[in-house]
Number of protein chains: 2
Amino acid sequence: MTGEALPPEAAWFDSWRGIVFTHARMLDEIGRRLEQHSGISLAFLDVLGRLYDAPDRRLRMQELQRRSLFTRSGMTRVVDRIEEAGLVQRERVPGDRRGVWVVITSKGVRTYEAAMRRHTRDIEEVFGGTMSEAEHRAVGDALWWAWHDEEPVAPPA
Amino acid sequence: MTGEALPPEAAWFDSWRGIVFTHARMLDEIGRRLEQHSGISLAFLDVLGRLYDAPDRRLRMQELQRRSLFTRSGMTRVVDRIEEAGLVQRERVPGDRRGVWVVITSKGVRTYEAAMRRHTRDIEEVFGGTMSEAEHRAVGDALWWAWHDEEPVAPPA
DNA sequence: CTACAGTAGTTGACAAGACAGATACTTTCA
DNA sequence: TGAAAGTATCTGTCTTGTCAACTACTGTAG
């Protein structure tokens, strides 16, 4: 991603660099704004979103983990913190005493809705104007697979 | 970045999600491979690349910091570690006793060249096949600004 | 039943970064 | 010349996330 060393002039190289640089340049600012106006991190927003969208506003740890980019233990920690903030709550799963439901609280719902509204506006402000509508559409279409295709892209080696 | 809550159907929203998801799904695997075959992290590669491309193979800490994608803060620590690995070396700047040159060593050059060759191949393998050539080109063109435009995109608030 | 493999989640130890002061110089200007 | 302000880098400390090991339970097979 860096090093203009010996790069082949292949199309994928430029598109990769574009993605990496765009991501790096936008995410900081967007995360900072989220933190500022809603007091939560992007990781929180992500988890809250999964729960918000889940049937019955709840998911098992494993579900949560599979749908996000965290490892198992990472998710434990994140949920710990979100729980401390009172935005989610752990509940026992009837019939499986190993398991845990993570349930979004009503405070969590309120926080998520408000945060998401402003977050969406942030993205528009920070990122929306960087390209024409046609370009945005081209990128969106080309990268559609990334969030619709459930398969991991590469084998875990 | 998640939460299919109340998102406007704006074009920029999908393109943003595409970028975030693609980045997340690719970077892990690519970083893992880099670590595996070359024993360095993406942060190392990034820094080594900046130095490799710099006139005289050296940069001041501040330059390095400003140009780095992966570590916008804490360059001291990163350089500490790269130096421990023998890939760079700190030198005094004649005429400014506050300053430090970070110079890539010959071992650093060798490591960087080999790592970058394989890294490029990794990107091709992991990312190249996810889209058609036309799509790659479309994304690359649309995101061209991200790595050519020097300005930070949003004011530091 | 009971032993054993498998599953769910947490914990301890640690690595990487972020942030807010320190520290050590340099420059400016009265 | 001698503050005072500015610059370059480092340090202490906290946060976040990973990995490997651990606890606790479940399901299955003899």
Side-chain angles (χ1 to χ4, degrees), chain A residues 23-24 27-36 39-47 50-51 58-85 87-103 156-157, chain B residues 1 23-24 27-29 31-36 39-48 51 58-85 87-103 156-157:
Chain A
H23 186 268
L27 204 65
D28 263 12
E29 176 63 20
I30 288 175
R32 177 166 27 250
R33 290 183 183 212
L34 179 63
E35 193 77 49
Q36 212 154 63
I40 62 175
S41 64
L42 282 162
F44 277 33
L45 188 71
D46 188 48
V47 169
R50 315 276 171 183
L51 296 172
R58 69 185 54 214
L59 288 172
R60 299 281 297 256
M61 288 298 279
Q62 40 172 343
E63 281 302 306
L64 215 38
Q65 177 216 328
R66 249 189 338 93
R67 300 187 195 193
S68 81
L69 304 164
F70 286 98
T71 62
R72 206 166 344 108
S73 64
M75 186 53 78
T76 296
R77 257 80 199 237
V78 178
V79 170
D80 283 352
R81 275 179 279 131
I82 308 183
E83 192 170 26
E84 264 174 63
L87 306 176
V88 304
Q89 208 175 316
R90 272 182 250 237
E91 287 181 17
R92 322 220 72 187
V93 176
D96 185 348
R97 283 195 289 176
R98 295 165 305 179
V100 175
W101 289 115
V102 184
V103 191
Chain B
M1 66 242 297
H23 185 268
L27 206 66
D28 264 12
E29 176 63 19
R32 178 166 26 251
R33 290 182 183 213
L34 179 63
E35 193 78 50
Q36 212 155 61
I40 61 175
S41 65
L42 282 163
F44 277 33
L45 188 71
D46 188 44
V47 169
L48 290 176
L51 296 173
R58 68 185 54 212
L59 287 172
R60 300 282 297 253
M61 289 299 279
Q62 42 172 340
E63 280 301 306
L64 217 37
Q65 179 140 335
R66 254 190 332 97
R67 301 190 195 188
S68 171
L69 260 194
F70 287 94
T71 314
R72 58 270 311 96
S73 90
M75 187 53 77
T76 297
R77 260 75 193 244
V78 180
V79 170
D80 283 352
R81 276 179 277 130
I82 308 183
E83 191 171 26
E84 264 175 63
L87 306 176
V88 304
Q89 209 175 314
R90 272 182 250 236
E91 286 181 17
R92 323 218 73 187
V93 177
D96 186 349
R97 283 194 290 176
R98 295 165 304 180
V100 175
W101 289 115
V102 184
V103 191

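We name chains A, B, ... by the order of the sequence lines, and we start the count at 1 in each one.
If you measure from atom CD1 of A:I82 to atom P of D:dT15, you get 16 Å, rounded to the nearest angstrom. B:E63 places its CD atom 14 Å from the C1' atom of D:dT9, with the value rounded to the nearest Å. Atom CD of A:Q65 is separated from atom P of D:dG17 by 14 Å (rounded to the nearest Å). Atom CZ of B:R90 is separated from atom C1' of D:dT9 by 9 Å (rounded to the nearest Å). We find that CE of B:M75 is positioned 16 Å from C1' of C:dC19, with the value rounded to whole Å. Look at CD on B:Q62: it is 17 Å from P on D:dG6, rounded to the nearest Å. Between the C1' atom of D:dT15 and the CG atom of A:L42 lies a distance of 15 Å, rounded to the nearest Å. Counting to the nearest Å, the C1' atom of D:dG17 and the CG atom of B:L27 are 15 Å from each other.
Within the 4.0 Å cut-off from OP1 or OP2 of C:dT26, at least one side-chain nitrogen or oxygen of B:R97 is found. When the side-chain nitrogen and oxygen atoms of B:R81 are compared with OP1 and OP2 of C:dA16, one or more of them lie within a distance under 4.0 Å.
Using a 4.0 Å heavy-atom cutoff across all strands shown, B:V78 reaches sugar-phosphate atoms only and no base atom. Heavy atoms of A:R72 sit under 4.0 angstrom from at least one base atom. No contact: A:D80 has no heavy atom under 4.0 Å from any strand. B:G74 comes within 4.0 angstrom of no nucleic acid atom, judged by non-hydrogen atoms across all strands. Nucleic acid contact class of B:T76 (heavy atoms, under 4.0 Å, all strands): base.
Between B:R66 and B:E63, at least one side-chain nitrogen of the basic residue sits less than 4.0 Å from a carboxylate oxygen of the acidic one, meeting the salt-bridge criterion. Using a 4.0 Å cut-off between charged side-chain N and carboxylate O, A:E35 and A:R32 make no salt bridge.
Results of the side-chain contact (heavy atoms from CB on, under 4.5 Å) test with B:W101 over B:V93, B:L59, B:V88 single out B:V93 as the only residue that passes.
Taking only distance into account, the side chain of B:S73 never meets the base of C:dC19 through a donor-acceptor pair shorter than 3.5 Å. In the interface, the side chain of B:R98 is paired with the base of D:dT7 through a donor and an acceptor atom under 3.5 Å apart. Donor-acceptor pairing under 3.5 Å, judged by distance alone, is present between the side chain of A:R77 and the base of C:dG12.
Looking only at distances, no side-chain donor or acceptor of B:D46 sits under 3.5 Å from a matching main-chain atom of B:S68.
Looking at which nucleotide of DNA chain D each of A:G95 and B:V100 is closest to, the 5′-most match is held by B:V100.
Here the side chain of B:M61 is nearest to one of D:dT9, D:dT16, C:dA8, namely D:dT9.
Summarising the local packing, CZ of A:R92 is surrounded by 12 or fewer heavy atoms from other residues, nucleotides or ligands at distances under 6.0 Å.
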